Structure formats: structure tokens, C-alpha cells
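What follows is a set of notes on a single structure, which appears directly below.
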Amino acid sequence: MDWRWVFQWIPCAWVFPSLQPPQKGREHGLAAPLLDGADDENVLHALGEIKVPLTKEQLQQLHYATRSHQTELMTVAAQFLAHYADVLPMNSPVTVEALECALALMDLDTIEVLIPASSAVSVMSSNGDDNVRENLAKRSVIRLAVRLLRSPSNPVVVNALAILTTYAGAADKYKTSIVRDGALNPLCELAFNEDTRIQKGAGGAILNLSHIDTHCEQLLICGVRESLHHFLVSADPHLQFYAAATLSNLSIQVEDPSGLVNDEGLQCLVNLLKSSERLIQQSCIALRNLASQSTMQYRITNCEVLEPLYPLLRHHDPNIQTAALSLLHNLSILEENEAKVINMGYVPELTLVVRQWQIPEGQRHAAATLRNLATPEHISTLVTSGVVEVLVGVVGNAKTLQPVLHEVTAVLAVLSRDPEAQSRLLMQLPAVSNMMQLLAHYIRARQDLKLVFYSLGVIGGVSSNGTLRDVIVQNTDIVSQITHYITPDTPSDLIKVVLWTTDLLYAHPTINGGVKNEMLASVTHLKAHASDHDVIGACDDLLAPS
């Protein structure tokens, strides 16, 4: 950048003004002069060429100009620091002397000094290394920036917002300082400023502050709901992004998210599903987090969200696809949505995602949605859509990730009791046999009780079919492995499915008497120590004479 631009800001009479001698002592927290004898004529000459790092002479002249109490010289010093900050490489160190000069100039009330000084501090805090940010923070940069939020100069406010945004996006201790120094009220007010630069700056700072749950309640008290609503209904995509991202954070940190956004704002979020990719992804995440509560699931559905959500399940961006699937997962929890999701043709799309291995998180959400849809009224639809065949392949693949395996096995545990599903399983016995061996392995390993629970659910479900029961017993040692879980220490939910599955399998003629006797002894011991009436009843059924 050509340094001559600085002097274009200065009237001719300023170029070589009559300088006052250096003042004694300390002002604005500055250290004593680096060198004695700084004269009037070489100050501007020494500041005329930017060097990284600054030379000792430059620092001396900069210090002298900063303490001169002459607006012309202080303006030149501030402009010099602003240009110096612009040419600094990223993550560069900055001397304490230069930082102190910039802060001293930023603590003045003269607008022509404040604009370049605040610009210099803004760039230094964002481009400098961690030591620069820490040194500025130790010298009250956050307090100064908060004070400047009330400045009558828009450029000064923009620079102050940039400083606060940087610190709000850094360590949590800085966020706490920003809140403590009283930034929240002016930030929420600046969201309505006519200058869009100020609105964006306020939005960025609010977003970064919303990452800590302890600040969320204070943001709400200071009126952040109204600020975010203003952003959502605007036509500015940056403001809409800040609103959606902040709502994403707030909705997982408040007990009841239903009061965060009104119906108009919610419709704006849904409309963003048809906008740019960046907004689509953030809107999906915000709506997903808001849809963690039944009231919000109902309100979001009433905004006709399912129609724009459908094509996103095949979006080329895997992040958008996953975000859309996570939103559908939460919406499918609402019972009223089951028929809507199925009637709109989501099941084949979900099945296709479950079959894919490239996006495990999306695969997990798709399987979880199918699990929510697998109610008695809709099981037949899922089965006839080919879901069972896909699930068998995924469960039977040893490379399937554990979170995905949980959801897929849970769906299959429900569907496996259906006669039509069992008929389809009989048509792919080799794959079923392979799957059962893997399920028996998970039960034997005893490392993941949730997976054991779902695995037993699958085995118990298919065991009502004689042929499938033969496949299980003849290809696994499942009965002897199940017996190890029949103890008083097994969690109540798991012991119930253990006893149910045992009741379906133990009478099989190929099971030897030793295994049966061991099982009956374990059941007798469990009954003697059980307090759950359902468990005691299941034990009685197993111990009753055949």
C-alpha cells in the first residue's frame, strides 16, 4: 500500500506543524520515552516509512507524537499505526510500546484520531498473535471498545465491534470481560442501527458471546430476541446467518426454546432452506436444535418445513445433507408427523441414505428417523419399501460404526417381529446367518449394553419364526451367552429382554440339558433377588413346568 494516502488526509498546514516538547511523566499508561531529545522536524519523517518490526527510532517518534497533545500529530500517529497494522503478517508479534500508543490514542475523544486508532487496534487484535491479544486485554482494550460502542462516529463503532467480536471469539475469559464491562445492552441496540456494517458487527459479537450458556440468560434479558428477529426478517444474508447461528446456540442452552423466536421468525428460518448453501446448513441446525421440544416440533411443522426439506436429503454437500437429516430426525419424533413424512415419500430416501457408508452421521440420523416411523400403523410401509433388506446388510457389515449400529439394530428389532419382515428375512438366509453371528459376537463381548439390548431384540423378534429360530440356534451359542446376563446386577430393561429372548429359545431341541440347567439355576437365583414384578413374572414363566 502507498503510504502517501496518510498525508492526503492531512491539510497542508499539518505537514510540519510547530511541535511541543515532550511532556514529562506517564500519560494514558505509556512507558517513559525511549530516547531523549526527539526534535520537531524528524517526527513525521521517521514515521513516513513502515517497517516490520518498527525500528527503535520509529517507536520513539511514535511515542512522542502520541503524547504531544496536538491533534495533528496524534492523528498522524494513529494513521501510521493503522497502516502498520494493515501490513502486519498474520500472527505477528507487536511491541508493547506500539500497543500502548494505539490504546492511548483510542482513549481520546477526537474523532479524527479515534477512527484510525481504533482501526489499528482492531486489526492488531485479530491479526496479531495470542500475546498481542493478551497484552491488549491487560491494558483494558475491552473496556475501551465497550465505551466506543456509544461513539457518534459510525466508523469508530464499527472498529469497536470488530474488536469485541475478536475477543468474544477467543478465550472464555474475554467473553466474561465483555459481559462484565456492560456490552450486552449496546450490542442488542446496535442490531437496529441504520448502518448495516454496525448491524453485522453487532451480530458477529452476539453470536460469539452466545457460545457460553452462562451468558444466554443475560442476552435474553438485554433483548436479544428482538435483535435476532430483526436480523431474520431482513434481506441481508449475513444478518440472517448470525440470527440462525445464535438461535442454534441459545436453543440448546435454555430450558424452554419455544420463547426464543415467534412464528414469523420461525417461518423466515424455514424459508432459508431455499437460499444459499451456507444459510441452508445453519438454518437446518437452528431448526433441529429448536425441534428438541414437542411444542417447537409442532410449530416448525406448521411452517410447511417438510416440503423444502425433502430435496436436501440428496444434496451434494454432505454437511447440508447431514443437517437436513438431523432436523428430520427430530421432527419425526412428533406422532402427528409420522404419516406426513411417510406420505411425502421420505422412506425410500431414508433407506437410500442408510445403505450409504460415506456419511456415518447422516446414516445414523436416517436410521433413527426410520426407528421413529416404525410404529404399528406404519411397519408394513417400511417393510414393503425394502427397509429390512438394507438393515440386514448394514447390521451384518462388521465395519459399521457403533453409533450407526445402535440405530439400525434398534429399527430391525422392531421390524423383525412382523410376519412380512420375517418372510423377507427367509429369502436371504445366508445374509441373516452372517448377521446373527455378528449379533452373537456383540452379546458375547459384553462391551456395549445398549447394543446387547438391541441385538437381543432382533434375535427375540425373529425367533417367533421357527425356521429363523433354527438358524439362530444352529449357527450361534446364543443361549449359553444369554445365560451370563441372567443376574441381579443386570439393568432392569436389559434383563427383561434377556428373559423374553431366553423364553423363545431355550426349549429348542438342539440345546443340551447342561445349558438348560445352568439357565434355570440363573433364573431361580434372579427371582430370589428381584423386586420388579415384571421380572419376577418372566422368571415364573421360565420356571413353570413345560
Side-chain angles (χ1 to χ4, degrees), residues 232-233 237 240-241 243-249 251-252 257-258 260-356 358-375 378 381-382 385 387 390 404 407 411:
L232 281 174
V233 299
Q240 292 170 329
F241 176 84
T246 304
L247 282 170
S248 299
N249 293 337
S251 57
I252 61 176
S258 61
L260 292 177
V261 57
N262 62 23
D263 288 342
E264 182 185 18
L266 207 55
Q267 186 64 63
C268 289
L269 271 178
V270 171
N271 293 343
L272 292 180
L273 297 179
K274 297 179 180 179
S275 58
S276 67
E277 293 186 353
R278 183 169 181 253
L279 283 173
I280 289 172
Q281 182 177 348
Q282 195 57 62
S283 178
C284 279
I285 294 171
L287 290 167
R288 175 200 67 190
N289 291 349
L290 290 166
S292 60
Q293 186 221 46
S294 59
T295 301
M296 292 303 296
Q297 293 162 7
Y298 182 79
R299 288 176 57 195
I300 293 170
T301 304
N302 282 347
C303 292
E304 306 295 334
V305 69
L306 292 177
E307 181 181 351
L309 189 60
Y310 182 86
L312 300 182
L313 268 60
R314 287 199 178 190
H315 200 280
H316 64 86
D317 186 332
N319 294 317
I320 290 178
Q321 188 181 24
T322 300
L325 287 162
S326 67
L327 170 57
L328 184 63
H329 175 189
N330 280 359
L331 294 176
S332 68
I333 297 172
L334 190 67
E335 185 177 349
E336 291 90 333
N337 280 342
E338 293 171 7
K340 294 178 182 178
V341 171
I342 290 174
N343 292 337
M344 287 191 66
Y346 272 96
V347 172
E349 297 298 322
L350 292 168
T351 306
L352 181 64
V353 174
V354 171
R355 181 183 290 151
Q356 296 172 348
Q358 297 90 341
I359 315 172
E361 186 64 13
Q363 197 181 16
R364 182 180 72 83
H365 285 300
T369 304
L370 289 173
R371 179 183 176 187
N372 291 337
L373 299 177
T375 56
H378 305 300
T381 302
L382 267 62
S385 297
V387 172
V390 172
V404 177
E407 298 297 343
V411 183

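Positions are given from 1 along the sequence. On a predicted model such as this, the values are computed, not experimentally measured, just so you know.
- Nearest heavy atom pair, residue Val353 against residue Gly362, reads CG1-O, 3.7 Å.
- Ile280 places none of its side-chain heavy atoms less than 4.5 Å from the side chain of Asp317.
- Contact of the Glu264 side chain with the Val233 side chain is registered, since non-hydrogen atoms from C-beta on lie closer than 4.5 Å.
- Smallest separation of non-hydrogen atoms from Pro257 and Ser292: CG-OG, 4.5 Å.
- Although no hydrogens or angles enter the test, the distance criterion places a donor-acceptor pair under 3.5 Å between the side chain of Gln297 and the main chain of Ala291.
- With a 6.0 Å radius and a threshold of 12 heavy atoms from other residues, nucleotides or ligands, Glu307 has its CD atom at or below the threshold.
- A donor and an acceptor atom, one from each side chain of Gln267 and Asp263, are nowhere located under 3.5 Å apart.
- Distance CG/Asn289 to CG/Leu247: 9.5 Å, rounded to 0.5 Å.
- A donor atom on one side chain and an acceptor atom on the other are not found under 3.5 Å apart for Thr301 and Glu336.
- Between Leu273 and Leu287, some side-chain heavy-atom pair lies under the 4.5 Å cut-off.
- By the 6.0 Å contact criterion, CD on Gln356 is enclosed, its count of non-hydrogen atoms from other residues, nucleotides or ligands being greater than 12.
- Counting heavy atoms from C-beta on, the side chains of Leu350 and Leu325 come closer than 4.5 Å.
- Between Val411 and Val354, the closest side-chain pair of non-hydrogen atoms is not below 4.5 Å.
- Side chain of Thr246 to backbone of Ala243: no donor-acceptor contact under 3.5 angstrom is found.
- Contact detail for Glu407 and Ala367: the closest heavy-atom pair is CB-CB, 3.7 Å.
- Between atom CD of residue Glu349 and atom OG1 of residue Thr369 there is a gap of 12.5 Å, rounded to the nearest 0.5 Å.
- With Asn337 contributing its side chain and Leu331 its backbone, the two residues share a donor-acceptor pair below 3.5 Å.
- With a 4.5 Å cut-off on side-chain heavy atoms, Leu306 and Tyr346 count as touching.
- Nearest heavy-atom pair, Pro308 versus Val270, reported as atom, atom and distance to 0.1 Å: CG-CG1, 4.3 Å.
- For Asn262 (side chain) and Gly265 (main-chain N/O), a donor-acceptor pair under 3.5 Å exists by modelled atom type.
- Here the options are Gln282, His315, Arg278, the test is side-chain contact (heavy atoms from CB on, under 4.5 Å), and the partner is Ile320; only His315 passes.
- Classified by interplanar angle (parallel below 30°, tilted 30° to 60°, perpendicular above 60°), the ring pair His365/His329 is tilted.
- A distance-only check finds a donor-acceptor pair linking the side chain of Ser326 to the backbone of Ala323 [under 3.5 Å].
- Remark: the His316 side chain and the Glu277 side chain contain an N/O donor-acceptor pair separated by less than 3.5 Å.
- Between Leu327 and Cys284 the shortest heavy-atom distance is CB-O, 4.1 Å.
- Side chain of Arg299 to main chain of Ser258: a donor-acceptor pair is present (N/O by atom type, distance under 3.5 Å, no hydrogens or angles).
- Here the straight-line distance linking atom CG of Leu232 with atom CD of Gln240 works out to 7.0 Å at 0.5 Å rounding.
- The heavy-atom pair separating Met344 from Tyr310 by the smallest distance is O-CE1, 3.6 Å.
- Distance CE/Met296 to CZ/Arg288: 14.0 Å, rounded to 0.5 Å.
- To the nearest 0.5 Å, the span separating OG1 on Thr322 from CD1 on Ile285 amounts to 10.0 Å.
- Atom OG of Ser276 and atom CD of Gln281 lie 10.5 Å apart (nearest 0.5 Å).
- The shortest distance between side-chain heavy atoms of Asn372 and Val341 does not fall below 4.5 Å.
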